[in-house]
Structure formats: structure tokens, C-alpha cells
Amino acid sequence: MQRRCLAVHAVLLIAAIALPLAASQPWPLCGRNANYTAGSTYETNLQDLALTLRAKASSSPTLFASGTNGTAPNAVYGLLLCRGDVSSSDCFDCGSRVAQDDGQACNRAKDSALVYNQCYARFSDKADFLTSTYNTPEFQTTYLISGTNISSTDVAGYNRAVTEILNATVRHAVENSTRLFATGLRRGNDSGFRDIYSMAQCVPEMSSTLCRTCLDGLVGQWWNTFPRNGEGARIAGDRCHLRSELALFYTGDPMVLLQDVAPVNAEETVYQITNLPVDTTDDFESVKSTLLSLALLRLATDNFHESNKLGGGFGAVYKGILSGQEVAVKRMAKGSNQGLEELKNELVLVAKLHHKNLVRLVGFCLEEGERLLVYEYMPNKSLDTFLFDTEQRSRLDWSTRFRIIEGVARGLQYLHQDSQKKIVHRDMKASNILLDADMNPKIGDFGLARLFAQDQTREVTSRIAGTFGYMSPEYVMCGQYSTKSDVFSFGILVIEIVTGRRRNSGPYLSEQNDEDILCSVWRHWEERTTVKMIDHSLGRNYPEVEVVKCINIGLLCVQQNPVDRPTMADVMVLLNSDTTCSLPAPAPRPIYLIDGISGYSQTISQWSWR
Ligand SMILES: *[C@@H]1O[C@H](CO)[C@@H](O)[C@H](O)[C@H]1NC(C)=O
Ligand SMILES: *[C@@H]1O[C@H](CO)[C@@H](O)[C@H](O)[C@H]1NC(C)=O
Ligand SMILES: *[C@@H]1O[C@H](CO)[C@@H](O)[C@H](O)[C@H]1NC(C)=O
Ligand SMILES: *[C@@H]1O[C@H](CO)[C@@H](O)[C@H](O)[C@H]1NC(C)=O
Ligand SMILES: *[C@@H]1O[C@H](CO)[C@@H](O)[C@H](O)[C@H]1NC(C)=O
Ligand SMILES: *[C@@H]1O[C@H](CO)[C@@H](O)[C@H](O)[C@H]1NC(C)=O
Ligand SMILES: *[C@@H]1O[C@H](CO)[C@@H](O)[C@H](O)[C@H]1NC(C)=O
């Protein structure tokens with residue numbers, strides 16, 4: 001395939017060339033200020049550096065290397081960045097071409113940038129570009145056009161489509177790739193421009209914030225730079241790169257997929273997005289399969305029939321049968337389309353979490369304004385329906401309770417540490433612990449609290465009231481969330497499971513003036529009368545040492561300072577430790593308990609005004 005490529009604009013660029021694209025041909029961008037001579041020390045240092053960078057970049061997982069060789073005045077600075085999808089050996093080959101081409105391509109200019117299809121190299125006698133936050137303006141960026149013109153007459157639609165996939169690709173590179181690299185594909189339905197392929201990449205040593213700024217800048221100048229009907233274009237600089245083509249130019253499955261599904265009307269084009277959270281794309285198919293059609297879910301729930309309704313809360317939940325399997329279909333209130341892409345991202349992420357102590361998300365559907373989440377069906381509902389019901393509570397013997405505590409700890413540990421991405425649940429509470437037919441616990445709604453919060457402000461407010469008792473002080477006071485906030489909520493949950501009492505503390509629920517359950521437990525702990533707090537419905541059928549150990553762990557988890565709280569991995573170790581060992585004692589009663597509810601309620605009302 002011979003494609004015409006053209007460097008259209010570059011500050012200080014010597015050549016604006018239209019050249020046939022030979023695979024190995026570099027597009028050079030050369031400085032004018034200083035040249036070196038053949039056979040000079042500078043040239044030797046440059047060659048040495050090019051070879052060092054080639055070796056380092058091709059053996060690095062980020063396919064990037066930067067460095068220097070020689071000492072002033074012959075010091076040379078350089079970087080080599082291979083396109084994020086190329087193999088180590090292709091990166092090595094591209095690096096070899098850099099070493100060969102550099103002197104000639106730029107007539108021995110000390111400042112040079114070489115852009116290839118598979119890599120980018122930059123050299124200078126000054127180090128500034130290695131630390132700059134943007135593509136350095138004085139020694140600019142390479143702009144390339146490839147292909148010819150699109151055949152579609154809908155140029156505006158094309159521009160929108162390109163901007164859209166570039167935006168999504170940038171977002172993925174910045175937010176979801178540790179290497180700051182993403183590829184994208186937008187499947188279109190216009191015969192004049194069908195599939196649009198994209199790529200965004202930053203030098204991986206940049207912060208994601210700077211990377212975003214850099215790439216957003218390139219998206220912003222895209223249509224000021226390139227003809228609006230051009231087939232493909234690329235901007236390459238020493239900090240970030242952006243590219244869009246009508247032909248596939250990268251290897252592997254796209255990390256971002258936008259699909260232009262037959263529009264219902266011109267105003268409301270529906271996009272399906274499959275935005276893979278990690279750089280490995282092996283499980284692309286498995287993720288795609290979690291998209292379910294609305295028609296299928298209507299069928300599964302008998303068109304959301306009242307008789308299939310399981311419960312309410314945050315949107316209704318219906319029981320359904322999907323391919324012979326019992327499922328729970330959660331139907332979120334219809335909302336604005338804002339945050340829809342974030343929602344989809346998160347759903348794909350959640351769909352990829354697999355752990356026996358997490359409720360499995362079978363799939364989801366985002367059609368016609370509906371937001372439907374399909375989970376495996378949990379016949380024994382949630383922990384709160386047992387724990388906080390006087391009759392049902394007696395059906396939870398100690399071994400079941402301990403199994404629940406352990407299972408929840410395992411599920412949380414997976415979310416925090418073992419899943420591909422560190423996930424903070426943010427809404428750990430008894431009603432989010434679901435129970436299967438054998439009373440094994442599974443954490444539900446993980447990651448979704450955060451996800452639905454965006455456009456459901458009201459729900460969020462009422463949820464604050466409902467789960468106030470589980471919120472860590474740093475969250476209440478500063479709105480700060482971390483895995484240690486989940487650990488706090490876990491601690492409360494453990495104390496509830498042991499005492500059989502709900503922690504109803506907080507400004508909204510304090511009329512009855514009962515002592516906060518947490519205060520009671522702490523007081524009894526200090527007075528060494530902890531056993532008094534154990535749920536009476538357990539009778540005497542429990543191993544006292546183990547139960548006290550659980551209270552000890554619970555108190556460690558609710559310590560004031562997040563740093564003092566154990567991680568979930570620590571909790572697992574403590575839970576499984578020999579009951580005869582003594583556990584670390586929690587720090588003295590935390591200030592948030594001593595100050596009492598009045599101090600707390602002031603903070604929360606302030607906080608909820610934000
Ligand atoms: C460096 O070389 C280029 C191309 O040969 C030339 O145009 C430029 O004037 C030279 N610069 C200096 C500072 O000698
Ligand atoms: C420059 O490269 C040569 C050859 O790889 C190496 O021996 C030398 O130590 C390098 N110098 C510096 C300052 O890195
Ligand atoms: C491509 O479109 C531009 C307008 O953006 C026009 O000037 C040019 O002649 C077109 N080229 C071809 C080959 O059609
Ligand atoms: C792309 O992102 C920019 C900046 O975030 C935004 O202004 C623009 O509307 C987005 N365009 C599309 C088509 O999504
Ligand atoms: C593409 O458009 C055609 C005609 O408008 C339509 O029949 C077809 O379903 C569309 N395909 C997709 C994937 O939207
Ligand atoms: C992408 O990153 C953002 C921000 O870190 C996160 O909210 C989102 O869930 C991620 N999406 C995927 C698909 O990983
Ligand atoms: C849990 O559900 C199963 C299946 O529906 C049922 O047989 C069992 O009795 C339930 N367990 C409790 C403790 O209710």
C-alpha cells in the first residue's frame with residue numbers, strides 16, 4: 001500500500017516534503033542553531049547514545065528510554081520512544097534505523113527529531129526537552145498528513161467522529177494505561193469513512209496530568225492544522241503523540257472501541273463503547289460478550305413485570321431468567337447521558353472482576369436511556385436481612401458469621417490488591433453483602449457507588465444518611481476515600497456481625513440517644529468486658545477466643561488514623577492467626593468517638609453542603 005505522506009508544518013523545519021512512504025523512511029525535523037562535524041567527539045557520543053537507547057528501549061516494558069552520553073561541551077541528550085504496540089524486536093530495529101539515519105537526515109544538526117512509523121527519536125545538545133511538560137515549542141513538533149481525502153460529503157460528521165475517537169483514546173491512555181498509551185477504533189457506518197483508527201501516547205515518565213494536558217492540546221489544534229477532509233494525520237513531539245488513520249496501522253485489538261450503531265435519529269446517536277481497562281487485550285471477546293441487548297432483558301424479566309420485582313432502593317431489581325440461569329437485573333433510574341462513557345468504562349472493568357466473594361456481573365445494557373446491570377442471582381438476599389432482624393438473626397450461627405467475615409475480607413482484599421486495578425468499594429455495609437444458597441458472602445455493587453454518583457446527586461445525599469455509620473472520619477471530614485476507608489467500614493461490619501446490632505449513629509438517627517455501638521464496644525474493650533457485647537442470640541455456642549479476636553480486629557480497623565489501620569491482607573493474616581497468639585492492641589479510643597456525635601454532626605452537615 002503506497003500512501004502519500006506529507007509533513008505539513010513545523011517550526012524550524014527545513015523540509016516540507018511530500019514523499020512516498022517507505023516503511024523505514026524517517027520524517028526528520030532539524031534544528032538550525034548548531035551543527036556538529038563528521039568524526040567529532042559529539043558524533044561519537046551521539047552514536048553511542050543512539051545504540052544505548054536502542055538497547056534500553058527495546059528491553060523496557062514501556063518501550064522508552066532517555067539518557068545522555070559524553071560531557072560538556074560534547075554532551076548529547078536523547079530519547080527513543082517506540083509505538084506502544086510494537087514488539088521488542090521491532091523497537092530494536094527502529095532504534096537501529098535511528099542510529100543509522102540521524103546524521104544524514106538532519107545534516108548533522110545537533111537538534112533533531114526523527115519520526116518513523118514505529119518509533120520516535122529526539123537528540124539535542126541541551127537537556128531541556130527531557131524535563132519539559134509540553135512538546136517543546138521552540139523546537140517543535142512534526143505534523144504529518146497521510147492518505148488523500150475522504151470520499152464522504154459529511155465532512156462535519158467525519159470531523160466529529162475523528163475528534164470523538166481521539167478524545168476517547170486520549171482518555172484511555174491517560175486514565176487507564178500505566179504506559180500512557182492507547183489505540184482506538186471507531187466503527188462507522190458512512191461509506192465515505194468507515195473505520196477510523198487512532199493512537200495516543202505520551203513519554204511514559206510523564207505524570208498522567210501532564211500527559212492529558214499535552215494530548216488535549218494536540219486534539220485542540222488538530223483541525224486548525226489539518227484539512228478537514230484529510231484521511232489521516234499525525235502529530236509527533238518529544239512529549240506526546242496523536243494519530244488518526246482510515247487504515248489500520250497498529251497491531252493487536254484496539255483498546256478503545258467506539259461503535260456508531262444505526263442512529264435512531266440524527267440527534268441521538270447511540271454509541272457502544274468497549275474500553276478495555278488494561279493494556280493486554282486478550283480478553284477482548286469476554287468483555288464484549290457482557291453487552292446485553294434490551295430486548296433480551298425484557299424477555300428475561302417478562303418486560304420488567306411487577307411480580308419479578310425483588311426490591312428497590314437505588315433503582316428496582318428484578319429477577320429474571322437468562323439462558324436458563326437465574327439472574328438479578330438492576331434497573332437504574334433513567335438519567336441524563338452525562339457520565340455515560342465513564343459508566344461504560346467502569347462496567348467493563350467490573351465485568352472483568354472475578355472472585356468467589358464478589359457478586360458476578362453477568363452483563364449490562366445501555367440502550368434507549370436504560371441502564372441495566374445483570375448480576376448472578378443470590379437466593380438468600382443480603383446480610384442485613386438476617387443480622388438486623390430479631391428472628392432471622394438466630395439463624396446465623398457463629399461458624400456462618402465467621403465464614404461471612406472471612407469471605408468479605410477476601411473479597412475486599414481482591415478488590416484492593418489482587419484485581420488488575422486497585423478498587424475502593426466506597427459503600428461497604430451489611431446490605432451490600434449478598435448471600436448465596438449456602439450462605440457464602442459476596443460483595444455486591446463494588447465500584448458502582450462511585451460510578452452512579454455522578455448524575456444522581458440526590459441519591460448520594462440520601463445514601464450518606466443511610467450508611468453514615470460506616471463512614472470513616474477522614475471521609476466525613478475531608479471527603480477522602482482510600483482503601484483504608486473500606487477497611488474502616490469493614491471494621492464496623494465485623495462489630496455488627498459479632499454484636500448483632502446495627503451501627504445507627506450519626507446526626508440523622510441519634511434521637512433515641514442510645515450509646516453508639518462502637519463506643520460501647522470500645523468501652524467494654526478497655527474495661528476488659530468485651531464478651532458482654534457478643535450477640536445474645538448466639539447463646540453460648542461460640543469459641544470465645546475467636547469472637548474476641550474478631551472484635552480486636554474490628555477495633556484495629558476503625559482506628560482514627562488510616563495509617564494505623566491494617567490492610568485487608570493484614571486482616572486476612574490476623575483472622576487466620578492462631579487464636580492463642582495475642583493480636584496488636586488498637587490505639588486508645590479514637591478522638592472521633594470521644595468528641596461524640598455533636599462534633600460529628602457539625603462536620604457532616606458542612607461536608608454535605610459541598
Ligand atoms: C547547520 O547546517 C544547516 C544545513 O546544512 C545550515 O543551513 C545551517 O546554517 C548550519 N548552522 C550552523 C549554525 O552552522
Ligand atoms: C557513552 O557510551 C559509551 C559506549 O556505550 C560508554 O562506554 C560511556 O560510558 C558512555 N558515557 C556516558 C557518560 O554515559
Ligand atoms: C482534497 O481536499 C482539499 C480541500 O480540503 C482540496 O483542496 C484538494 O484538491 C483535494 N485533493 C484531492 C486529491 O482531491
Ligand atoms: C473532545 O474533548 C474536548 C475537550 O475535553 C471537548 O471540548 C470536546 O467536546 C470533545 N469532543 C468530542 C467530539 O467528544
Ligand atoms: C448501517 O446503515 C445501514 C443503512 O442505513 C443500516 O441498514 C445498518 O443497520 C447500519 N449498520 C449499523 C451497524 O448500524
Ligand atoms: C479508567 O480510569 C478511570 C480513572 O482512573 C476510572 O474511573 C475508570 O474506571 C477506568 N476505566 C477502565 C475501563 O478501566
Ligand atoms: C438460603 O437459600 C437456600 C436456597 O434458597 C435455602 O434452602 C436456605 O434455607 C437459605 N438459608 C437460610 C439460612 O435462610
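Counting starts at 1 for both ligands and their atoms, in listed order. Everything numeric here is computed off the predicted structure, so don't read it as measured data.
Contact atoms of ligand 3 toward Asn149: 1 (C), 2 (O), 3 (C), 8 (C), 10 (C), 11 (N), 12 (C), 14 (O) (distance under 4.0 Å to a heavy atom of the residue). Those atoms of ligand 2 with a heavy atom of Gly70 less than 4.0 angstrom away are 12 (C), 13 (C). Using a 4.0 Å cut-off to heavy atoms of Asn380, the atoms of ligand 7 that qualify are 1 (C), 2 (O), 3 (C), 10 (C), 11 (N), 12 (C), 14 (O). Taking every heavy atom of Pro379 and a limit of under 4.0 angstrom, the matching atoms of ligand 7 come to 5 (O).
Remark: Lys319 qualifies as a cation-pi partner of Tyr377 under the 6.0 Å distance and 45° angle criteria applied to the six-membered ring. Annotation: cation-pi pair Arg234/Trp27 present, NZ/CZ under 6.0 Å from the ring centroid and within 45° of its normal.
Between Thr71 and ligand 2 there is no heavy-atom distance shorter than 4.0 Å. At least one heavy atom of Asn229 sits under 4.0 Å from some atom of ligand 3.
In this structure, atom 2 (O) of ligand 2 has protein heavy atoms in its sub-4.0 angstrom surroundings. Atom 14 (O) of ligand 7 is approached by the protein to below 4.0 angstrom, counting heavy atoms only.
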Apply side chain to side chain donor-acceptor pair (under 3.5 Å) to Arg243 and Asn117, showing your working.
CA-CA 11 Å; Arg243 183 168 179 181; Asn117 185 31; 2.9 Å; yes
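For the pair Arg395 and ligand 7, the shortest N or O to N or O distance falls below 3.5 Å.
To the nearest 0.5 Å, the span separating CD on Glu326 from CD1 on Ile321 amounts to 5.0 Å.
A donor-acceptor pair is defined here as one N or O able to donate and one able to accept, closer than 3.5 Å; such a pair exists between the side chain of Ser88 and the backbone of Ser58. No donor-acceptor pair closer than 3.5 Å links the side chain of Asp102 to the backbone N or O of Ser112.
At least one side-chain heavy atom of Ser66 sits under 4.5 Å from a side-chain heavy atom of Glu205. Residues Phe402 and Leu575 are in side-chain contact: their nearest non-hydrogen atoms beyond the backbone lie under 4.5 Å apart. Contact check for Leu493 versus Met428: side-chain heavy atoms found under the 4.5 Å cut-off.
Regarding atom 5 (O) of ligand 2, its nearest protein heavy-atom neighbour is Thr52 OG1, 4.2 Å. For atom 4 (C) of ligand 7, the closest non-hydrogen atom on the protein side is Ala437 CB, 4.1 Å. Of the protein's heavy atoms, Asn69 ND2, 2.8 Å lies nearest to atom 10 (C) of ligand 2.
Only the backbone of Thr68 comes within 4.0 Å of ligand 2, judged by heavy-atom distances.
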